[in-house]
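Scope of the values below: all heavy atoms of this structure, side chains included, with no hydrogens, waters or symmetry mates. Chain A is the first sequence line, chain B the second, and so forth, proteins listed ahead of strands; every chain is numbered from 1.
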Amino acid sequence: MTEKEKKEKIPRQPMPEQDPKKRSMNFDEVPYGYTPELAQKEASRCLQCKKPKCVEGCPVGVKIPEFINLIAEGDFIGAAKKLKEDNSLPAVCGRVCPQESQCEALCVLGKKDEPVAVGRLERFAADYERAQGTVDLPQLPPPTGKKVAVVGSGPAGLTLAGDLIKFGHQVTIFEALHKPGGVLVYGIPEFRLPKAIVEAEVDYLKRLGVEIKYNHVVGKILTVDELLEMGYDAVFLGVGAGLPVFMNIPGENLCGIYSANEYLTRSNLMKAYLFPKYDTPIAVGKNVAVIGGGNVAMDSARTALRLGANNVHIVYRRSKTELPARAEEVHHAEEEGVQFKFLTAPLRYIGNADGWVTGMECIQMELGEPDDSGRRRPVPIEDSNFTLDVDLAVIAIGTGANPIITGTIPNLELNKWGYIVADEATGKTSRERVYAGGDIVTGAATVILAMGAGRNSSQAIHQYLMNKS
Amino acid sequence: MFKILEKWEMADNTVCHFKIEAPLIAKKAQPGQFVVLRPNETGERIPLTMAGTDPAQGTIDIIFQVVGKTTALLRTLQKGDAILDIIGPLGRPTHVEKLGTVICVGGGTGIAVLYPITRALQEIGNHVISIVGARTKYLLILEDEMKNVSDEFFITTDDGSYGRHGFVTDALKDLLDERTDIKLVVGIGPVPMMKFVCKTTEPYGVKTLVSLNTIMVDATGMCGACRATVGGKTQFCCVDGPEFDGHQVDFDELMKRQAAYLKEERQSYERFQKEQE
Ligand SMILES: Cc1cc2nc3c(=O)[nH]c(=O)nc-3n(C[C@H](O)[C@H](O)[C@H](O)COP(=O)(O)OP(=O)(O)OC[C@H]3O[C@@H](n4cnc5c(N)ncnc54)[C@H](O)[C@@H]3O)c2cc1C
Ligand SMILES: Cc1cc2nc3c(=O)[nH]c(=O)nc-3n(C[C@H](O)[C@H](O)[C@H](O)COP(=O)(O)OP(=O)(O)OC[C@H]3O[C@@H](n4cnc5c(N)ncnc54)[C@H](O)[C@@H]3O)c2cc1C
Ligand code: SF4
Ligand code: FES
């Protein structure tokens, strides 16, 4: 038996998780994570490839075989440190990255068997380190005397802030909301990404000396030009794609119809799921329709279940294979009882005298020729209309660029959708000393891509600052 | 944390006025803009208009009516206490220009929202006629302040206990009948009042601005909670407003959307009142 054949004998280790019946009624995190034993067992499956395919699939090039080897050897803290060389938020990425289309998609074991559970191992190492108490601070270089303003505290801004402070620059983050983390706090629910994890990451940055100013809507209280005049040597814009997209169909302004942004912000950021202990209310539907098929739709649907809905439908205009959500989220949603209505699109909402939604007229679709995205285009089937009883609908069909800041920066080049035009490798924009990255450049994408953009910009800003003097 | 420097109560303690330390916001704020505040960790984010600002002293003024949990909670705060979060200035400033003769109509706590706009309209050189109204005499707020920034000044009360007996719209209609030089009407108050102000001015073809107090969450254009139909199109009041051409506004939809959480609001308020006992 060759070394390879021996390793394949150990199956991919599942991660223990809460029972679907029980968890669909609480907001606690779904998976419990690996125990050290399970982690070591899973890590031992890795072949330690000389030319690891997995790393090619990772947008930030995490040293995957190296960190997995450290886990196999029982050096969990060492594994966490190794991860952090390339990824400053491993506890977050281990939970939310679409591994099945990144590292794990390319893992050689996946050809015959199941790939190594890179994501679960990443999560394990990061959680292990956090559970040990305070994470050691690295030695910082002497201050350079340069100051950088970061707008937005999502994954792009946090990554960049962490890098720049470690180069010895002074960093201030300006955040519009009252909490840091961007989508990680206002969008992704507690049961998928506990807020304590984001807080721990932000605390670490604060201990390194990053200053965070909350409640600062840049473009309103201060403009980017004012920041530059105030003595910031460079500004990074990591403001995300925070503009809800509606469908502009009749009845969309009835009560009980939310954008996913509003629904999730109420529940996550404002903790409406703890109403009345927390003051912000949220409508609890009995029959809920969530329109869309991405992670945002899955999060909304699973939130609705937990808030007490009897029936939650995901209404998606293509078929199951086209669902853009992570496979794990779809699987979890199905397990918890979310019902899927594929090849269905809403046409209009019906309301009662009080202005509340009572129904949604839909039309059946079929898949036609592939469109620009390469996916088969959904086409309505004539006379296939039907009405779904709903008392709550959440629209999760995507987000756009919010003009609140971009509209106040003269000469900043935007593309036709309002996103900032920035160089992919450096984040440089058409404005000198102004850099941008994350969803506000790419449109709604992923946590790891936003982090990668933050990393690229931090290198470019550092170079710029050091050449300047 | 934002410190409360002064506190006054008015209208038989149903309305509260805070002067708050917020230097950066004070420096930037313009008439018509508002702030969002969250009193404490478990609190809701609510929008309140800045009734005044003092950039030199670094302060802003808010005047609010106690209508539910959050405003009742705010009222329990005293001089020296602090509010956890204040975000602003938000919304588009009022477009203030010299037009000639303008009428400013305010009802209830809407007068607090109207006041800085009225002042700005007068400062730029308009002839300002103000009509302020309340249900009854003791509920009328900012009488002297409004008088000071108006060239002509009228008061109405629903019960006739002060000023003219009747609604602000009665006084408004008389003015529109008497004068043909009215270039603009600004009407701010409870939604039914704004709706009737618009109904009153419509036959005269006088442009009418209203300020829409929709429910808001982030107030930065991120959620759409504040959407209203204006001219057949959906607008986000927090970034596209709060002021709109009143003749284009779907007031009935607005009223229904404002009432979306009545049940929860009552529950919250009752819970709070029990806690206070
Ligand atoms: C519900 C949901 C679920 C998701 N699930 C996943 C997932 O499972 N896996 C995955 O990889 N990705 C997921 N995503 C996508 C991912 O979260 C985003 O791509 C990522 O967060 C983008 O990061 P960012 O730093 O560019 O911006 P954001 O995370 O959007 O952060 C931007 C920050 O900037 C602040 N800001 C905006 N304007 C201003 C201003 N004018 N002044 C000051 N601050 C401002 C915002 O308040 C916010 O805090 C999900 C997104 C959502 C909404
Ligand atoms: C742009 C704007 C400016 C405003 N300026 C003033 C002002 O200067 N003075 C003043 O007294 N009031 C003002 N309001 C109204 C004020 O925000 C509400 O009275 C307040 O939110 C009530 O909160 P509550 O918890 O005390 O009462 P609740 O019992 O929660 O609500 C009472 C009513 O207030 C409205 N309301 C509730 N929650 C919100 C929310 N999050 N956002 C907006 N409205 C809500 C609803 O219509 C509700 O029926 C303004 C509203 C807007 C949108
Ligand atoms: S490709 Fe798979 S087996 Fe090879 S190093 Fe990466 S995780 Fe290990
Ligand atoms: S309050 Fe959220 S978009 Fe206006």
**Complete:** Cut-off 4.5 Å, heavy atoms of chain A, and the answer for B:Arg271 is side chain
**Request:** Would you indicate whether the side-chain heavy atoms of B:Met222 and A:Ser259 approach each other to under 4.5 Å?
**Result:** no
**Spacing of SG belonging to B:Cys223 relative to OH belonging to A:Tyr258, to within rounding of 0.5 Å** = 10.5 Å
**Request:** Pick one of side chain, backbone, both or neither for A:Ile282, based on which atoms fall under 4.5 Å of a heavy atom in chain B.
**Result:** backbone
**Request:** Apply the test side chain to side chain contact (heavy atoms under 4.5 Å, CB included) to residues A:Thr265 and B:Asp218: give CA-CA distance (whole Å), side-chain angles for both, the deciding distance (0.1 Å), then the verdict.
**Result:** CA-CA 9 Å; A:Thr265 299; B:Asp218 63 297; 5.6 Å; no
**Asked** B:Thr220 and A:Lys220: side chain to side chain contact (heavy atoms under 4.5 Å, CB included), yes or no, with the steps?
**Response** CA-CA 10 Å; B:Thr220 64; A:Lys220 287 289 186 184; over 6 Å; no
**Message:** If you apply the rule side chain to side chain contact (heavy atoms under 4.5 Å, CB included), what do you find for A:Val284 with B:Glu264, and how did you get there?
**Reply:** CA-CA 11 Å; A:Val284 177; B:Glu264 290 83 359; over 6 Å; no
**Message:** Walk me through whether B:Thr234 and A:Glu252 qualify under side chain to side chain contact (heavy atoms under 4.5 Å, CB included).
**Reply:** CA-CA 9 Å; B:Thr234 294; A:Glu252 216 169 16; over 6 Å; no
**Message:** Determine whether a donor-acceptor pair (N or O, by modelled atom type, separation under 3.5 Å) exists between the side chain of A:Asn215 and the backbone of B:Asp85.
**Reply:** no
**Message:** Taking A:Glu226 first and then B:Lys27, would you say they form a salt bridge - that is, a charged N and a carboxylate O separated by under 4.0 Å?
**Reply:** no
**Prompt:** At a heavy-atom separation under 4.5 Å, does A:Tyr214 approach chain B through its side chain, its backbone, both, or neither?
**Reply:** neither
**Asked** Going by the angle between their ring planes, with limits at 30° and 60°, are B:Phe236 and A:Phe246 parallel, tilted or perpendicular?
**Response** perpendicular
**Item:** From CZ (A:Arg266) to CZ (B:Arg45), nearest 0.5 Å
**Value:** 11.5 Å
**Message:** Less than 4.5 Å to any heavy atom of chain B: does that hold for the side chain of A:Leu254, its backbone, both, or neither?
**Reply:** backbone
**Prompt:** What part of A:Ile404 gets closer than 4.5 Å to chain B, counting heavy atoms only: side chain, backbone, both or neither?
**Reply:** side chain
**Asked** Is it true that the side chains of A:Asp279 and B:Thr70 contain a donor and an acceptor less than 3.5 Å apart?
**Response** no
